[in-house]
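First listed ligand is number 1; within each ligand, the first listed atom is number 1.
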Amino acid sequence: MPTTEWNRKIWGEKHTWDHNGDEWEWMAAHCRQPYAAWKGSLVDTLLAPGATGCDVLEIGPGRGRWTEHLLEHARTVWIVDINQNCLDHCRERFGDRRGLRTHHTSDCGMEPVPDASLGFVWSFDVFVHLDEDVITGYLDEIARILEPGGSAVIHHAGKPDWTLRLAPLTRRAGRPGKVVQRWVSQRRWRDDGNRSDVSPRAFADWARAAGLRVTRQRDSWGDRGQYDVTKYRDCITLLEKPA
Ligand SMILES: C[S@@+](CC[C@H](N)C(=O)[O-])C[C@H]1O[C@@H](n2cnc3c(N)ncnc32)[C@H](O)[C@@H]1O
C-alpha cells in the first residue's frame with residue numbers, strides 16, 4: 001500500500017509533472033479515445049454538475065489539472081494537499097480566482113474548513129494511492145464539511161473485494177504470489193499503477209460508516225460507456241450527505 005510518506009516523496013519531490021500534470025493519455029488510449037475527449041467528458045459528466053454554483057473543495061490538486069475546471073464552475077474553491085509545493089504551484093497558476101483558498105494537510109485533516117460549509121468535494125487520482133486510515137479520515141472530514149444535500153465525487157482503487165481476501169494467502173507465496181495477486185485483482189501481470197488495496201465495497205462501507213450516502217459507483221461514462229478508468233481497475237464513487 002502506498003503510504004503517506006510515499007505520497008509526500010513521489011508527488012512532492014520525484015514526479016516530473018509533464019504537461020502540468022495533464023498526462024493521462026495512457027488512460028484515454030486504454031479506452032481508445034483522444035485524451036481531450038476523455039478529460040472533457042469527465043468534466044462534463046462528473047465535475048461540472050456537482051461544482052456549478054457551489055463552494056467546493058478539491059483534495060490533492062497536484063498542478064491543477066482539475067482545479068482549472070472547478071474554478072470555471074464553482075463559486076469558491078478550497079484546495080488541500082500534503083505537498084506545499086503543489087499548493088504553491090496552483091496559487092501561482094490561478095492567483096486568487098474564485099477566492100482560491102489552500103490548506104496544507106499532514107494526512108487527512110481539513111481543520112480550517114468550517115463544518116457544513118461546502119456543496120461539493122472532488123478528488124481524482126489521489127485516493128487511488130491512499131491507505132485505509134487516510135481514506136476513512138477523509139470520509140469523516142467530507143461528512144463534516146459538506147452541507148446537508150452536498151455531494152462528492154471520489155476516484156479510488158476498485159479491486160474486487162473477493163480478490164483482496166486472497167491477499168493473506170498470496171502474500172505467503174512471496175514474489176510469485178504477488179504476481180498472482182496482481183493478476184486476479186487488476187488483470188495485470190506487471191505495473192499495478194501503485195493502486196492501494198481498496199475495493200468498491202470497502203469504500204462504500206467506509207463512506208456509510210462516516211454518515212454519507214453512496215449514490216453510485218462507476219468505472220465508465222459516456223453515452224456508450226466509451227470513457228473509463230479501468231486500466232488499473234479504478235472506481236469512481238458518488239456520495240451525498242443526507243439532507
Ligand atoms: C497523482 S497526483 C494527482 C494530482 C491531480 N489530482 C490530478 O489528477 O492531476 C496526487 C496528488 O495528491 C496529493 N496527495 C497525496 N496524498 C495526499 C493526502 N493524504 N492528502 C492530500 N493530498 C494528497 C499529492 O501531493 C498530489 O498533489
Side-chain angles (χ1 to χ4, degrees), residues 1-28 35-36 38-43 45-47 50-51 56-72 74 77-94 100-113 120-142 144-145 152-157 191-196 198 203 206 227-229 231-232 234-237:
M1 291 282 272
T3 59
T4 298
E5 207 32 57
W6 180 91
N7 274 291
R8 203 169 279 126
K9 240 201 170 93
I10 291 290
W11 314 116
E13 294 172 24
K14 298 203 166 151
H15 195 60
T16 51
W17 299 103
D18 299 338
H19 311 292
N20 241 354
D22 249 316
E23 52 195 322
W24 269 46
E25 282 85 2
W26 48 268
M27 184 65 91
Y35 176 66
W38 178 91
K39 185 183 177 192
S41 67
L42 184 58
V43 168
T45 310
L46 290 168
L47 181 151
V56 313
L57 178 140
E58 180 182 15
I59 300 169
R63 294 296 168 106
R65 172 163 65 138
W66 308 105
T67 321
E68 179 183 9
H69 300 281
L70 291 169
L71 287 165
E72 271 166 35
V77 177
W78 273 97
I79 49 175
V80 174
D81 206 291
I82 47 165
N83 282 302
Q84 182 64 45
N85 56 4
C86 291
L87 298 171
D88 291 345
H89 182 93
C90 287
R91 173 64 75 199
E92 207 168 290
R93 180 173 171 190
F94 302 119
L100 183 68
R101 276 172 285 186
T102 66
H103 172 57
H104 182 207
T105 185
S106 58
D107 47 12
C108 55
M110 302 199 275
E111 301 79 10
V113 185
F120 183 62
V121 174
W122 167 265
S123 189
F124 195 93
D125 193 20
V126 180
F127 282 63
V128 287
H129 305 302
L130 301 185
D131 65 20
E132 177 176 346
D133 287 355
V134 182
I135 292 177
T136 53
Y138 265 129
L139 288 168
D140 286 342
E141 280 290 78
I142 291 170
R144 178 183 70 77
I145 64 181
V153 173
I154 310 289
H155 164 237
H156 57 88
D191 173 26
D192 66 359
N194 298 304
R195 270 27 187 186
S196 46
V198 169
F203 190 90
W206 298 334
Y227 305 111
D228 66 50
V229 284
K231 179 166 180 175
Y232 295 108
D234 300 342
C235 177
I236 300 172
T237 295

| So which heavy atom in the protein is nearest atom 9 (O) of ligand 1, and how far is it from that ligand atom? | Arg65 NE, 2.9 Å
| query | Angle class for the Trp11/Trp17 ring planes (parallel below 30°, perpendicular above 60°, tilted otherwise)? | reply | tilted
| request: State, yes or no, whether a side-chain contact exists between Met110 and Thr105 at a heavy-atom distance under 4.5 Å. | output: no
| Would a distance-only check, ignoring hydrogens and angles, find a side-chain to backbone donor-acceptor pair under 3.5 Å from Ser123 to Val126? | no
| request: Return yes if some donor-acceptor pair links the side-chain N/O of His155 with the main-chain N/O of Asp234 below 3.5 Å, else return no. | output: no
| request: Supply the atom-to-atom distance Glu23 CD to His15 NE2, rounded to the nearest 0.5 angstrom. | output: 3.5 Å
| Does any N/O atom on Asp125 come nearer than 3.5 Å to any N/O atom on ligand 1? | no
| query | Checking side chain to side chain contact (heavy atoms under 4.5 Å, CB included) for the pair Glu58/Val80: CA distance, chi angles, key distance, verdict? | reply | CA-CA 6 Å; Glu58 180 182 15; Val80 174; over 6 Å; no
| Roughly how far, to the nearest 0.5 Å, is CG of Asp107 from CD of Glu141? | 9.5 Å
| request: Would you please classify the geometry between the Trp26 ring and the Tyr232 ring as parallel, tilted or perpendicular, with 30° and 60° separating the classes? | output: perpendicular
| field | Any N or O of Gly60 closer than 3.5 Å to N or O of ligand 1 | value | yes
| Judging by distance only, is a nitrogen or oxygen of Asp81 under 3.5 angstrom from one on ligand 1? | yes
| field | Contact check, Leu130 vs ligand 1, heavy-atom distance below 4.0 Å | value | yes
| Is the closest N or O pair between Trp11 and ligand 1 shorter than 3.5 Å? | no
| said: Show the atoms of ligand 1 that are less than 4.0 angstrom away from any heavy atom in Cys86. | reply: 27 (O)
| Test log, rule salt bridge (charged side-chain N to carboxylate O under 4.0 Å, His left out), inputs Asp22 and Lys39 | CA-CA 9 Å; Asp22 249 316; Lys39 185 183 177 192; 3.2 Å; yes
| said: Quick check: Val126 and ligand 1, any N/O pair under 3.5 Å apart? | reply: no
| When you measure from atom 21 (C) of ligand 1 to every protein heavy atom, which one gives the shortest distance, and what is it? | Tyr138 OH, 3.1 Å
| note | Per-atom filter on ligand 1: closer than 4.0 angstrom to a heavy atom of Asn7 are 15 (C), 16 (N)
| query | Is the closest heavy atom of Trp24 to ligand 1 under 4.0 Å? | reply | no
| Side chain of Asn83, backbone of Asn85: donor and acceptor closer than 3.5 Å? | no
| query | Atoms of ligand 1 less than 4.0 Å from Val134 heavy atoms? | reply | 19 (N)
| Quick one: which ligand 1 atoms are inside 4.0 Å of a heavy atom on Gly62? | 4 (C), 27 (O)
| query | Polar-atom distance check: Asp107 versus ligand 1, any N or O pair below 3.5 Å? | reply | yes
| task | Could you find the nearest protein heavy atom to atom 14 (N) of ligand 1 and give me its residue, atom name and distance? | result | Ile82 CG1, 3.8 Å
| query | Looking only at side chains, do His89 and Asn20 share a donor and an acceptor under 3.5 Å apart? | reply | yes
| field | Flag, side chain of Arg101 to backbone of Ile79, donor-acceptor distance under 3.5 Å | value | no
| What do you reckon, does Pro61 put a non-hydrogen atom under 4.0 Å from ligand 1? | yes
| said: If you measure every N or O of His129 against every N or O of ligand 1, does any of those distances drop under 3.5 Å? | reply: no
| field | Heteroatom proximity flag, Phe124 to ligand 1, N/O under 3.5 Å | value | yes
| query | Taking N or O atoms only and a 3.5 Å limit, does Trp17 qualify as a polar contact for ligand 1? | reply | no
| task | Could you see which bit of Asp22 sits under 4.0 Å from ligand 1, with heavy atoms only: side chain, backbone, both or neither? | result | neither
